[in-house]
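Chain letters run A, B, ... following the sequence lines, proteins first and then strands; every chain starts at 1.
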There are 2 protein chains.
Amino acid sequence: MPTLNEVAVRAGVTPATVSNVLRNKGRVGEATRQRVLEAIAELGYRPHLPARALAEGRAPTIALMVSSIANPFYPEFALAVENALQRKGRFLIICNTAGDPQTGRAYLDQIAGTLSEGVLVMNANLDFEDLRMTELRGAPVVLCMWERPADPPGLPCVAVDFRLAGELAAQHLLSLGHRRIGAIVGSKVYGIHAARYDGFIDAMRAAGLDGAASPVLYTPDTTQGGYAAARELLKAHPDLTALFTTNDLPALGAMQAAADLGLDVPNRLSVIGITDIQLARESRPALTTVAVPTVEAAELAVELLLELIETSGTTRTANAGARVSRVCVTSSPYLVARASTGPAHDA
Amino acid sequence: MPTLNEVAVRAGVTPATVSNVLRNKGRVGEATRQRVLEAIAELGYRPHLPARALAEGRAPTIALMVSSIANPFYPEFALAVENALQRKGRFLIICNTAGDPQTGRAYLDQIAGTLSEGVLVMNANLDFEDLRMTELRGAPVVLCMWERPADPPGLPCVAVDFRLAGELAAQHLLSLGHRRIGAIVGSKVYGIHAARYDGFIDAMRAAGLDGAASPVLYTPDTTQGGYAAARELLKAHPDLTALFTTNDLPALGAMQAAADLGLDVPNRLSVIGITDIQLARESRPALTTVAVPTVEAAELAVELLLELIETSGTTRTANAGARVSRVCVTSSPYLVARASTGPAHDA
DNA sequence: GTGAAAGCGCTAACAG
DNA sequence: CTGTTAGCGCTTTCAC
C-alpha cells in the first residue's frame with residue numbers, strides 16, 4: 001500500500017503538503033493540489049487509519065457493548081447506530097459481553113480510549129464502576145436506553161420514558177374492557193423493567209384497580225421466558241382476559257403459549273408488548289405493542305457521544321468528570337394497535 | 001492515559017524491556033519483570049492499539065460486510081464470528097452496505113488493509129472486482145457462505161452444500177407423500193439461491209417428477225417476500241399440498257400467508273425452509289427446516305481468514321494473488337423436522 | 001504557498 | 001538479560 005510519503009515524492013512535494021491537500025487545511029496552490037490529487041489517484045493511495053489515529057491522538061471507532069447481538073432487538077439498534085456513525089466517518093465495533101461483567105471489563109480495558117474513542121452501552125450487564133473508570137481514562141460513555149428519565153444514572157444517557165410505555169400499554173387493555181390482566185415482567189424484581197411495570201400499576205390504579213394485586217411473574221427477557229411465564233400464569237389464573245408484557249419477545253412467547261393452550265388471541269386472550277421490534281409486525285396475530293423510538297434513541301446516543309468526545313479534549317486527556325452527566329430524553333413511546341388485542345371476552 | 005514509556009521510567013527500565021514483558025518476548029529477568037508488572041498495575045497502563053498496529057504493520061480488527069445487520073440471520077452469524085475473533089484477540093467491525101455496492105466499496109477503501117487486516121463477506125452485494133482489489137492491496141478476503149462447493153468462486157471461501165440442503169428439504173416433503181409442491185425461491189432467477197432450487201429439482205426428478213414443471217416463484221429473501229409469493233402461488237394453484245422455500249424467512253412468511261388464507265399448517269399445507277434460524281424454532285407451528293452449520297461456517301471463515309493474514313506477509317506487502325483460492329467446506333446440512341410439515345392431506 | 005522537523009506510542013533489530 | 005536506535009505513516013507547528 002502506498003504511503004503519503006510516496007504520494008509526496010510522486011507529486012514532487014513534501015508530505016506536509018499532501019496532508020494539507022487531504023484535509024483541506026493550510027492553503028495549497030491550485031496547481032500543486034492538482035498534482036497531488038493526481039498522484040493520489042494514480043497510486044491508489046488511502047490514508048492509514050491507525051497512523052492517523054496515532055498522530056491525531058484520536059481513534060476512528062466507537063464500541064457498542066451488548067450482551068448478545070443475536071438478541072433480536074439489538075441488531076435494529078446497532079443498524080441505526082452504524083448508519084449514524086457512517087455519516088460521521090466512524091466505524092462500529094461490536095462487543096458481545098454474553099452478560100458477563102468480566103468480559104465487558106476486558107473489552108473496555110482493551111479498546112476504550114485506544115481503538116475506540118467512545119463507548120455506547122446497551123443493556124450489557126456491565127459494572128457501573130468499570131464504566132466510571134472508562135470515563136476517567138478519557139473515553140466517554142453513553143448509556144443507550146435508560147429506563148427512567150426522571151431518575152438519571154451517574155452517566156450520560158439517552159432515556160426513554162418506559163414508565164409511560166407501560167402505562168400506555170395498560171391503558172389500552174383497560175380501554176378494551178379488560179379488568180383481569182396478568183403481568184409478565186422480563187427482568188428481575190426491581191430490575192430493568194421495573195419502570196414499565198410501574199406504569200402498568202399506575203394505569204390500573206387510575207382505573208380504580210389494584211394493579212399490584214394482579215397476578216405477576218418475573219421471567220427472563222426472552223421468547224422462552226414469556227412462554228413459560230404465560231403458561232404458568234394462565235394455568236393458575238384461567239380467568240385472565242389479557243396479558244401485559246414488558247417486552248415484545250416475552251409477549252411473542254406468551255402468544256405461543258396461548259396458541260398451545262388453545263386460547264384464541266385476541267378473542268379469548270389479549271396480549272400486548274413493549275418496543276415494537278420487527279418481529280412484532282410479522283407475528284400472527286400481529287402483536288399490539290407500545291413502540292419505542294429506537295432509531296431516534298440510536299441517533300441521539302451517537303450524537304451525544306460524539307459531542308462528549310469533542311468536548312472532552314483528546315483521548316489522552318482524562319475527562320474532568322466534574323461535568324454534570326447529560327441526559328437526553330427521546331420522544332414518547334406510542335401505542336401501535338395490531339391484532340393481538342381485542343375487547344375483553346367477558347365484557 | 002499512561003504510556004509504555006511512563007511505565008518504563010517508573011520501573012527504571014527502558015521501553016524495550018516493558019514491551020518485552022508485555023509480550024513475553026526477549027528473556028527478561030524475573031526481578032525486572034516484577035517491577036515492570038507492578039508499574040503497569042500502579043499506572044493502570046494499557047497498550048495503545050493504534051500505535052501497536054502502526055509499529056507492527058498490522059491491525060487488530062476484522063471487518064464483516066453484510067447488507068444489513070438487522071436481517072435476522074446475520075446477527076447469529078456475527079455473534080459466532082465475534083466469539084471466534086475474541087479468542088484470537090481481534091475485534092469485529094460491522095459494515096452495513098444496505099445492499100449498495102458503492103457503500104461497500106467505500107468501506108473497503110477506507111478500512112481494508114488499514115484499520116482491518118482482513119474482510120469477511122456475507123451476502124452484501126459487493127462488486128467482485130472491488131474484492132479482488134482489496135485482496136491485491138494486501139487485505140485477505142473470505143466469502144462466508146458460498147452456495148456451491150463444486151463451483152468455487154475466484155476468492156477464498158467457506159462453502160456450504162446448499163444444493164444438498166434443497167435436496168434434503170424436497171426429499172422430506174416427498175417422503176411425506178407430497179407430490180404437488182410449490183417452490184418459493186428467495187433470490188433472482190439463477191441468483192444466490194439457485195443451488196438450493198437445483199437440489200429441489202434433483203430430488204423431484206429422483207422421485208420421477210418433473211420439478212422444473214412445479215409452480216415456482218422468485219421473490220425477495222424476506223418474510224414479506226415469502227408471504228406475497230405464497231399467497232400468489234396458493235391462489236393460482238389451490239391444489240398444492242406443500243411449499244418448498246429456499247430460506248427460513250420467506251418460509252415464515254409463507255406460513256403467515258397460509259394462516260391468513262385459512263389453510264391449516266401442516267394438515268392442509270406443509271411448509272419447509274432452509275437455514276434453521278432462531279425464529280424457526282419459535283414460530284407457531286415451529287418451522288421444519290434444513291439446518292445449515294452457521295456457527296461452524298463462522299468459525300471456519302475466521303480461521304481461514306486469519307490463516308490467510310498470517311501467510312500473506314504484512315498488510316503492506318501486496319498479496320501475490322497467484323495462490324489458488326482456498327475453499328473450506330462445512331459439514332453437511334441436515335433436516336430438522338418440526339411442526340410445519342406433515343403427511344400430504346390427499347395422500 | 002511550501003518545506004523541514006519533531007513526535008504520537010509502540011516494536012524490532014542489534015549491541016552490549 | 002537489558003539498552004540503543006530506528007522507524008511504522010501521519011499530523012502539526014513553525015520557518016522560509
Side-chain angles (χ1 to χ4, degrees), chain A residues 1-37 39-40 43-60 110-111 113-115 117 137-138 313-317, chain B residues 1-37 39-40 43-60 110-111 113-115 117 137-138 313-317:
Chain A
M1 298 223 325
T3 70
L4 181 147
N5 226 308
E6 304 180 62
V7 172
V9 170
R10 198 182 220 295
V13 297
T14 60
T17 303
V18 178
S19 179
N20 281 333
V21 170
L22 246 24
R23 50 203 22 261
N24 302 314
K25 283 186 63 172
R27 307 141 295 272
V28 179
E30 192 47 34
T32 334
R33 144 174 270 101
Q34 283 312 325
R35 251 182 311 135
V36 170
L37 289 177
I40 288 177
L43 260 33
Y45 168 81
R46 297 168 314 130
H48 192 272
L49 268 24
R52 188 174 268 184
L54 181 51
E56 289 182 326
R58 46 202 273 92
Q110 288 185 93
I111 68 181
T114 66
L115 224 205
E117 217 178 342
R137 288 216 208 76
T314 69
T315 295
R316 276 178 234 108
T317 313
Chain B
M1 296 220 328
T3 70
L4 181 146
N5 226 308
E6 303 180 64
V7 173
V9 171
R10 198 182 219 297
V13 297
T14 62
T17 303
V18 177
S19 178
N20 281 333
V21 169
L22 246 26
R23 51 202 22 259
N24 302 314
K25 281 184 66 173
R27 304 141 296 273
V28 180
E30 192 45 35
T32 331
R33 143 172 273 102
Q34 282 312 326
R35 248 183 312 135
V36 170
L37 289 177
I40 288 178
L43 260 32
Y45 167 81
R46 298 168 313 129
H48 191 273
L49 268 24
R52 186 175 269 182
L54 218 212
E56 289 181 327
R58 44 200 274 94
Q110 287 186 93
I111 69 181
T114 67
L115 224 204
E117 216 178 343
R137 284 210 284 274
T314 70
T315 296
R316 276 179 232 108
T317 314

Full working for side-chain contact (heavy atoms from CB on, under 4.5 Å) between A:Thr3 and A:Glu6: CA-CA 5 Å; A:Thr3 70; A:Glu6 304 180 62; 3.4 Å; yes

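- Between atom CG of residue B:Leu37 and atom OG1 of residue B:Thr32 there is a gap of 10.5 Å, rounded to the nearest 0.5 Å.
- Contact between B:Asn5 and B:Pro15 at its shortest, heavy atoms only, is OD1-CG, 4.0 Å.
- Look at NE2 on B:His48: it is 12 Å from P on C:dT11, rounded to the nearest Å.
- Of all non-hydrogen atoms in A:Gly113 and B:Met1, the two that sit nearest each other are O-CE, 4.1 Å.
- Going from atom CZ of A:Arg58 over to atom P of C:dG7 covers 22 Å, rounded to whole Å.
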Quick one: the dot-bracket string of DNA chain C, using Watson-Crick and G-U wobble pairs with both distances under 3.5 Å, [ ] for crossing pairs and | for bases paired to another strand. |||||||||||.||||

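- Residues B:Leu4 and B:Tyr45 approach most closely at N-CE1, 3.3 Å, considering heavy atoms.
- Listed pair B:Thr32 / D:dC1 fails the phosphate criterion, with no side-chain N or O lying under 4.0 Å from OP1 or OP2.
- Taking the nucleotide of DNA chain D with the nearest heavy atom to each of B:Ala51 and B:Val13, the more 5' of the two is matched to B:Val13.
- Looking at the side chain of B:Leu54, the nearest of the listed nucleotides C:dA4, D:dC8, D:dC10 is D:dC8.
- The shortest heavy-atom contact between B:Arg35 and B:Val13 is NH1-CG1, 4.1 Å.
- The side-chain hydrogen bond (donor to acceptor under 3.5 Å, both in side chains) search around A:Arg10 returns A:Glu42, not counting sequence neighbours.
- When rounded to the nearest whole Å, the span between CE of A:Met1 and P of D:dC8 equals 14 Å.
- Atom C1' of nucleotide C:dT11 and atom CG of B:Asn24 are separated by 15 Å, given to the nearest angstrom.
- Among the nucleotides D:dT2, C:dT11, D:dC10, the one closest to the side chain of B:Arg52 is C:dT11.
- In this entry the distance linking CZ of A:Arg46 with P of D:dC10 reads 11 Å, nearest Å.
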Which protein N or O atoms sit under 3.5 Å from an N or O of nucleotides 12-16 of chain D?
none

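- For the atom pair B:Ile40 CD1 and B:Arg33 CZ, the distance stands at 9.5 Å (nearest 0.5 Å).
- Here A:Pro47 lies in heavy-atom contact (under 4.0 Å) with sugar-phosphate atoms only.
- Interatomic distance, B:Ile111 CD1 to A:Arg46 CZ, rounded to the nearest 0.5 Å: 9.5 Å.
- Atom-to-atom, CD of B:Gln110 to C1' of D:dG9 comes out at 17 Å; the value is rounded to the nearest Å.
- Spacing between atom CD of B:Glu6 and atom P of C:dG9 amounts to 8 Å, rounded to whole angstrom units.
- The separation between B:Leu22 atom CG and C:dA12 atom P is 12 Å, rounded to whole Å.
- Contact annotation: A:Thr14 reaches the phosphate of C:dG3 (side-chain N/O to OP1 or OP2, under 4.0 Å).
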